[in-house]
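Working notes, structure below.
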Amino acid sequence: MNIVLIGMRGAGKSKISRRLSVLTKRDVLSSDLLIQYDHDGKSIPEIIEECNGDWRQFRDMEYATLQKITALDGNIIDCGGGIIVDIDEDGHEIFSDRKINLLRANGRIIWLKGDIPRLAAKVKGDATRPSLSQTKSAEDVMYRRLPFYKKAADIVIDIEGKSKRELVEEVHKTIAKYL
Ligand SMILES: Nc1ncnc2c1ncn2[C@@H]1O[C@H](COP(=O)(O)OP(=O)(O)OP(=O)(O)O)[C@@H](O)[C@H]1O
Ligand SMILES: O=C(O)C1=C[C@@H](O)[C@@H](O)[C@H](O)C1
Ligand SMILES: [Mg+2]
């Protein structure tokens, strides 16, 4: 069984995964990092630039990466913020059945749920997180994604008002029965 962390940008998936790894003695597989590994260490913004800003290509890379990640068992999977989406013919984000089905097959999906205005403000202007839309604000993108996280999640953990230590303890307690 894998433990899968999903959530909006800046929710703390990568940070919490690393701390959980120490507590559970499990390894972390990060979809973002493995995509960078497959692209000779380029940053995510550089990879997006190479795709001429076409997020569909990035979503396909996530799918291909998850196929490899989910072939393994017993790990913590740190997902990119957009793992729950694919892009339709009109360029709109839609729920990604293919990626979530892969994650569900041998994993428990935990959604680190945060306050959208707070997270949008936090990630605004962070150059390591490329803009998702020319027309929509980060906040609008997050609101549109909200039902997708809800649909994907087996377990929801509210991150607001909790220190990193408290949050890690809560997630650790929650996943204990799957370890
Ligand atoms: N509970 C928390 N309280 C305070 N700061 C936090 C908490 N969780 C994470 N952070 C901080 O928020 C920042 C973003 O966290 P992190 O990079 O882990 O987000 P992420 O969910 O992996 O985002 P992305 O989807 O962009 O990969 C980090 O600087 C981290 O230290
Ligand atoms: O929210 C998103 O769509 C993204 C989040 C990051 O983790 C990266 O996967 C990338 O910047 C896309
Ligand atoms: Mg991350």
Side-chain angles (χ1 to χ4, degrees), residues 2-22 27-39 41-70 75-88 91-96 98-100 102-103 109-153 157 159 164 167-168 171:
N2 290 312
I3 300 299
V4 181
L5 296 189
I6 63 167
M8 312 267 179
R9 282 182 174 190
K13 302 175 293 294
S14 302
K15 194 101 184 176
I16 302 292
S17 294
R18 290 191 289 268
R19 292 205 177 182
L20 276 182
S21 166
V22 175
D27 291 315
V28 178
L29 294 168
S30 155
S31 63
D32 282 340
L33 200 60
L34 288 169
I35 289 172
Q36 290 185 257
Y37 169 86
D38 275 341
H39 289 79
K42 290 195 180 76
S43 68
I44 302 274
E46 282 168 341
I47 296 167
I48 297 297
E49 210 177 301
E50 271 184 10
C51 303
N52 296 314
D54 176 9
W55 280 96
R56 192 174 286 120
Q57 289 182 47
F58 186 78
R59 301 306 170 203
D60 288 344
M61 288 172 203
E62 286 184 318
Y63 178 60
T65 304
L66 285 190
Q67 284 180 308
K68 292 187 253 185
I69 290 178
T70 56
N75 294 306
I76 294 165
I77 304 181
D78 165 29
C79 294
I83 211 81
I84 36 76
V85 297
D86 271 316
I87 311 290
D88 73 7
H92 297 127
E93 289 190 346
I94 51 169
F95 182 75
S96 176
R98 61 176 181 163
K99 287 187 279 176
I100 298 307
L102 276 179
L103 290 167
I109 304 181
I110 297 164
W111 173 23
L112 299 182
K113 183 178 183 220
D115 178 64
I116 291 182
R118 185 183 70 80
L119 291 176
K122 179 176 163 185
V123 299
K124 203 167 140 195
D126 180 344
T128 65
R129 295 179 160 99
S131 173
L132 292 164
S133 165
Q134 309 291 352
T135 52
K136 289 195 197 79
S137 67
E139 205 165 327
D140 287 347
V141 172
M142 288 180 177
Y143 277 115
R144 187 182 158 90
R145 287 179 175 184
L146 201 57
F148 304 155
Y149 289 108
K150 195 171 174 188
K151 185 172 172 184
I157 294 186
I159 66 171
K164 272 178 251 178
L167 196 53
V168 171
V171 179

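In listed order, ligands and their atoms are each counted from 1.
- Backbone or side-chain N, O or S atoms of Ser14 reach the Mg ion (ligand 3) at under 2.8 Å.
- With ligand atoms numbered from 1 in the order given, ligand 2 contributes 10 (C), 11 (O) to contacts under 4.0 Å with heavy atoms of Ile44.
- Proximity to Gly80 (heavy-atom distance under 4.0 Å) selects the following atoms of ligand 2: 7 (O), 9 (O).
- Remark: Asp86 engages Ser96, Arg98 in a side chain to side chain donor-acceptor pair (under 3.5 Å) (not counting sequence neighbours).
- The closest approach between a heavy atom of Arg59 and any atom of ligand 2 is below 4.0 Å.
- A heavy-atom separation below 4.0 Å is not found between Lys13 and ligand 2.
- Within 6.0 Å of atom CD in Gln67, more than 12 heavy atoms from other residues, nucleotides or ligands are found, so the atom counts as buried in its surroundings.
- Under 4.0 Å from ligand 2, not a single heavy atom of Ile48 appears.
- Ionic pairing of Asp32 and Lys13 is not present here: no N-O contact between side-chain nitrogen and carboxylate oxygen is shorter than 4.0 angstrom.
- Considering only non-hydrogen atoms, atom 1 (O) of ligand 2 lies nearest to Arg145 out of Glu62, Glu93, Arg145.
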*Criterion side-chain contact (heavy atoms from CB on, under 4.5 Å) on Cys79 and Lys99, from CA distance to verdict*: CA-CA 11 Å; Cys79 294; Lys99 287 187 279 176; over 6 Å; no
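- The shortest distance between side-chain heavy atoms of Glu93 and Ile87 falls below 4.5 Å.
- You'll find the side chain of Leu132 stays beyond 4.5 Å of the side chain of Lys136, heavy atoms only.
- Against a heavy-atom cut-off of under 4.0 Å, Asp32 is close to the following atoms of ligand 2: 6 (C), 7 (O), 8 (C), 9 (O).
- For Lys42, the side chain to side chain donor-acceptor pair (under 3.5 Å) test picks out Glu50, with sequence neighbours left out.
- Some N or O of Gly81 is nearer than 3.5 Å to an N or O of ligand 2, by distance alone.
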